[in-house]
Amino acid sequence: MIDNDPKEKSDSSSPKPTNFIRDIIDEDLKKNKYERRVQTRFPPEPNGYLHIGHAKSICLNFGIARDYNGLCNLRFDDTNPSKEEVEYVDSIKEDVKWLGFDWGYREYYASDYFDQLYEYAIQLIKKGVAYVCDLTGDQIREHRGTLTAPGKESPYRNRSIEENLDLFERMKNGEFPDGSKTLRAKIDMSSPNINMRDPIMYRILHEAHDRTGDKWCIYPMYDWAHGQSDSIEKITHSICTLEFEDHRPLYDWFVDQLGIFHPQQIEFARLNLSYTVMSKRRLLQLVEEGNVNGWDDPRMPTICGLRRRGYTPESIRYFAERIGVAKRENIIDVALLEDSLREDLNKRVLRTMAVLKPLKVIIDNYPDEKVEMLDAINNPEDEKMGTRKIPFSKVLYIEQDDFMEEPPKKFFRLSPGNEVRLRYAYIIKCVGVVKNPATGEIEELHCTYDPETKSGSGQSQRKVKGTIHWVSAAHTVNAEVRLYDRLFNVENPSGDDWKNFINPASLTILSNCKMEQSLINAKKQDRFQFERLGYFCVDYDSMPANLIFNRTVTLKDTWAKIAKSS
RNA sequence: UGCCCGGUGGUGUAAUUGGCAACACACUUGACUCUGGAUCAAGGAAGUCUAGGUUCGACUCCUAGCCGGGCAGCCA
């Protein structure tokens with residue numbers, strides 16, 4: 001059965017996405033490779049916050065495990081204690097969980113394998129394919145050669161096995177200072193693949209590790225740890241990004257030398273999103289230099305930023321599915337992310353009316369003290385969400401943008417002498433404009449209403465072009481609204497001058513917004529559609545006495561397009 | 001100028017593995033509408049980086065180019 005509801009498409013009941021990785025797995029299954037078992041893993045380094053690019057990888061790895069009745073591990077690649085911190089472990093777990101994935105008991109750490117890795121290293125030394133090298137960092141670089149010239153062999157390359165064993169043990173025991181020695185694989189200094197030119201397996205680092213304390217003063221390099229970690233966990237398909245493609249021969253070499261389980265690495269192109277940056281380094285810079293207010297700033301493409309912005313896990317999963325997986329470089333239009341979000345929110349979110357930039361309207365022919373309770377629909381997409389009552393009275397607020405003194409041709413909203421419908425209320429006509437004599441600013445509008453046009457009365461056949469939202473002035477709750485726009489002004493902010501493209505107007509704070517009173521009970525993270533404006537959620541900073549909403553995403557705005565093009 | 005990878009509408013991803021290039025977003029137009037939302041309908045847009053070759057037939061296979069990306073951390 002095919003389910004056409006897009007937000008359900010990430011469920012296992014729906015047709016599976018097709019991509020080259022799944023093709024490979026299908027092929028492996030057909031050939032009975034790995035005894036028809038599928039196991040993946042998501043292997044973050046706990047040195048930063050997860051972003052939407054990681055979400056792609058998470059959805060890929062967990063999604064494949066789900067669809068193939070396999071398993072997906074969460075493994076922290078914590079091989080460098082000088083760069084990693086426990087706080088990141090917690091945030092990563094929270095984000096993966098929030099995205100809707102469950103790694104069960106399979107929470108692993110590369111540091112869990114330090115003993116095993118050490119044993120493996122001894123095996124390679126005994127086999128004569130690993131050696132302790134005394135070259136300094138500079139010397140190692142010199143010996144490595146260049147992209148076009150082969151390297152030179154280290155003078156320490158042919159130490160005896162006994163000496164290597166002894167030295168390596170003493171490295172482990174902390175007898176040598178940082179950087180004085182390394183353990184290297186003995187492969188081929190003239191290999192065209194630089195990764196094969198006797199890569200470093202262990203470095204000396206007298207530094208405590210978050211999980212192993214001060215047990216170790218040698219730490220495995222990523223290249224030495226990663227493949228074996230996958231092997232130890234019996235990962236069948238090690239899915240990673242393109243930059244590790246050149247490392248695959250090395251990983252293959254290690255597991256083959258060791259004669260242990262051989263996972264298959266498959267590389268895919270990382271996600272790039274238009275109008276933002278994705279590298280940890282750049283995101284960190286934005287945070288540290290105060291261009292945003294922290295990692296969870298709603299403008300950030302981090303998972304915690306998107307969450308605070310009001311994104312749903314469903315929308316991110318749907319997005320991840322829609323962008324596909326391939327090996328070519330890509331920049332995904334952020335409009336696709338926004339579309340995925342709207343698709344989800346449109347169906348589930350409560351409608352309400354809120355006026356962001358209020359303009360006072362007085363209905364001259366409406367009784368002074370009268371208050372009518374009118375029926376409003378909570379969600380036209382979902383009848384089950386019911387209706388609510390909203391108060392109507394003589395003094396209202398409408399949106400400043402919904403009035404123009406001199407309207408252009410296609411402007412369907414309010415203007416002098418013209419009519420609009422007030423949503424769920426009456427048709428009104430603008431009969432007067434009051435301006436501040438000094439500034440010329442419009443201060444209030446005088447209108448008349450047509451009692452025959454009450455919403456739902458069915459008595460009036462009259463139709464007007466425009467319908468606008470409003471709130472009754474005496475029945476509002478004030479709020480702050482934070483409007484977010486793209487962080488950068490260019491699609492691809494790359495190069496050294498990337499920071500020059502930061503959008504200075506990426507955040508606009510509106511502090512005198514008038515909301516339907518029911519919103520006073522809104523809880524943090526609650527989501528709403530403010531009719532005709534967009535989707536909004538309650539920010540973490542919000543307090544009952546000081547409501548704060550984030551604009552998650554605008555509604556599609558045909559008028560904005562018309563206005564812009566003319 | 002070494003090795004590895006990639007090149008299909010504006011963007012992204014497909015193409016039963018050699019059989020009429022499809023889907024989504026974006027864009028345009030129209031219908032409908034008490035959200036200029038949603039929905040629905042229509043449309044423009046690639047002949048698959050180039051040149052050869054194999055074949056009845058090539059996005060797909062072969063050859064040679066061109067263009068883009070990655071790699072010279074005791075980072076991951």
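Letters go in sequence order (proteins before strands), and every chain restarts at 1.
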field: Closest to the A:L555 side chain, choosing from B:C25, B:A14, B:G37
entry: B:G37
- request: Please work out if A:R413 contacts a base, only the sugar-phosphate, or nothing of the nucleic acid, heavy-atom cut-off 4.0 Å.
  value: base
task: Give one of base, sugar-phosphate or nothing for A:L147, where a contact means two heavy atoms less than 4.0 Å apart.
output: base
message: Students often get this wrong, so: under 4.0 angstrom with heavy atoms, is A:F244 touching a base, only sugar-phosphate, or nothing?
response: base
- prompt: Considering Watson-Crick and G-U wobble pairs with both distances under 3.5 Å, what does B:A41 pair with?
  reply: B:U29
message: If I take atom CG in residue A:D252 and atom C1' in nucleotide B:C4, what distance separates them, rounded to the nearest angstrom?
response: 14 Å
statement: Among B:G12, B:G73, B:U1, the one nearest any side-chain atom of A:M221 is B:G73
- request: Measure the distance from CG on A:D339 to C1' on B:G12 and round it to the nearest whole Å.
  value: 13 Å
- prompt: Does A:D246 make a side-chain donor-acceptor contact with the base of B:G70, cut-off 3.5 Å?
  reply: yes
query: Could you give the OH-to-C1' distance, from A:Y202 to B:G73, as a whole number of Å?
result: 18 Å
message: Taking B:C71 as the reference, what is the distance to B:U29 when you measure between their C1' atoms (whole Å, please)?
response: 50 Å
- request: Just call it for A:V325: base, sugar-phosphate, or nothing, with non-hydrogen atoms closer than 4.0 Å on any strand.
  value: sugar-phosphate
task: For A:E267, answer base if it contacts any base atom (sugar-phosphate contacts may also be present), sugar-phosphate if it contacts only those atoms, and nothing otherwise; contact means non-hydrogen atoms under 4.0 Å.
output: nothing
Chi class for B:U17: syn within 90° of 0, otherwise anti: syn
- request: Compare side-chain N and O positions of A:T146 against OP1 and OP2 of B:G2 and report whether any pair is under 4.0 Å apart.
  value: no
- prompt: Which is true for A:Y426 with a 4.0 Å heavy-atom rule: it touches a base, it touches only sugar-phosphate, or it touches nothing?
  reply: nothing
message: Within the 4.0 Å heavy-atom criterion, would you say A:D23 contacts the bases, only the backbone, or no part of the nucleic acid?
response: base
Check ion pair A:E452-A:R462 (N to O, under 4.0 angstrom): no
message: Side chain of A:E84 only, heavy atoms from C-beta on: which candidate in B:U13, B:A76, B:G36 is closest?
response: B:A76
message: What is the distance, to the nearest angstrom, from the CG atom on A:L242 to the C1' atom on B:A76?
response: 15 Å
- prompt: Among the nucleotides B:C5, B:G73, B:A76, which one has an atom lying closest to any side-chain atom of A:R144?
  reply: B:G73
- request: Tell me whether the OP1 or OP2 atom of B:G70 has a side-chain N or O from A:K327 closer than 4.0 Å.
  value: no
query: Quick one: on RNA chain B, does A:N195 or A:E491 contact a more 5' nucleotide (nearest heavy atom)?
result: A:E491
- prompt: What is the distance from CG of A:N80 to P of B:A76, rounded to the nearest Å?
  reply: 5 Å
- prompt: B:G19 and B:A24: how far apart are their P atoms, nearest whole angstrom?
  reply: 23 Å
message: Over all strands shown, is A:S340 touching base, sugar-phosphate only, or nothing at heavy-atom distances under 4.0 angstrom?
response: nothing
Syn or anti conformation of B:G30, syn meaning chi within 90° of 0: anti
- prompt: How should the glycosidic conformation of B:G12 be described, syn or anti, under the criterion that syn lies within 90° of 0?
  reply: anti
message: Starting the side chain at C-beta, find the nucleotide from B:A26, B:U39, B:U13 nearest to A:A335.
response: B:A26
task: Give, for atom OG1 of A:T552 and atom CD of A:E338, the distance between the pair rounded to the nearest 0.5 Å.
output: 11.0 Å
message: Please classify the nucleic acid contact of A:R423 as base, sugar-phosphate, or nothing, using heavy-atom distances under 4.0 Å.
response: base
- request: Tell me whether the OP1 or OP2 atom of B:C75 has a side-chain N or O from A:R203 closer than 4.0 Å.
  value: yes
- line: B:A22 -> Watson-Crick or G-U wobble partner, both distances under 3.5 Å, gives B:U13
Nearest-0.5 Å distance that lies between atom CD1 in A:I125 and atom CG in A:L183: 4.5 Å
- request: Under 4.0 Å between any heavy atoms, over every strand shown, what does A:L135 touch: base, sugar-phosphate, or nothing? Just pick one.
  value: base
message: Looking at A:D77 and A:R75, is any side-chain nitrogen of the basic one under 4.0 Å from a carboxylate oxygen of the acidic one?
response: yes
message: Nearest to the A:L336 side chain among B:G36, B:C75, B:A24, which nucleotide is it?
response: B:A24
task: Send over the distance from A:E27 CD to B:U17 C1', rounded to a whole Å.
output: 10 Å
query: What's the CD1-C1' distance between A:I332 and B:G10, to the nearest Å?
result: 13 Å
- prompt: Base, sugar-phosphate, or nothing: which does A:I200 touch, judged by heavy atoms less than 4.0 Å apart?
  reply: base
- prompt: Counting any heavy atom closer than 4.0 Å, what does A:I562 reach on the DNA or RNA strands: base, sugar-phosphate only, or nothing?
  reply: base
- request: Return yes when atom NZ of A:K280 has more than 12 non-hydrogen atoms of other residues, nucleotides or ligands closer than 6.0 Å, and no otherwise.
  value: yes
query: For the pair made of OH in A:Y219 and C1' in B:C75, what is the distance, rounded to whole Å?
result: 16 Å
query: Does A:D450 come within less than 4.0 Å of A:K429, counting only side-chain N to carboxylate O?
result: no
query: To the side chain of A:H247, which of B:G36, B:A76, B:U35 is closest?
result: B:A76
- request: Report yes if a donor N or O on one partner sits less than 3.5 Å from an acceptor N or O on the other, where the partners are the side chain of A:R328 and the base of B:G68; otherwise report no.
  value: no
A:E381 (side chain) and B:U39 (base): donor-acceptor pair under 3.5 Å: no
- prompt: B:C25, B:C74, B:G36: which one has an atom nearest the side-chain heavy atoms of A:I140?
  reply: B:C74
query: Any donor-acceptor pair under 3.5 Å between the side chain of A:R351 and the base of B:U35?
result: yes
- request: In plain terms, say whether A:D339 and A:R342 are close enough for a salt bridge, that is, a side-chain N and a carboxylate O under 4.0 Å apart.
  value: no
Side-chain ion pair, A:R157 and A:D198, N-O less than 4.0 Å: yes
- request: Would you mind classifying the nucleic acid contact of A:K410 as base, sugar-phosphate or nothing, using non-hydrogen atoms under 4.0 angstrom?
  value: base
message: Quick test of your reading of the model: are A:R203 and A:D178 salt-bridged, counting only N-O distances below 4.0 Å?
response: no
query: So, are A:D402 and A:R532 salt-bridged, with charged N and O less than 4.0 Å apart?
result: yes
message: Heavy atoms from C-beta onward define the side chain here; which of B:G6, B:A38, B:U11 lies closest to that of A:N346?
response: B:A38
Base-pairing assignment for B:A64 (Watson-Crick or G-U wobble, both under 3.5 Å): B:U50
- line: By nearest-heavy-atom nucleotide on RNA chain B, the more 5' of A:E329 and A:K280 is A:E329
A:T148, nearest nucleotide to its side chain (from B:G36, B:C74, B:G2): B:G2
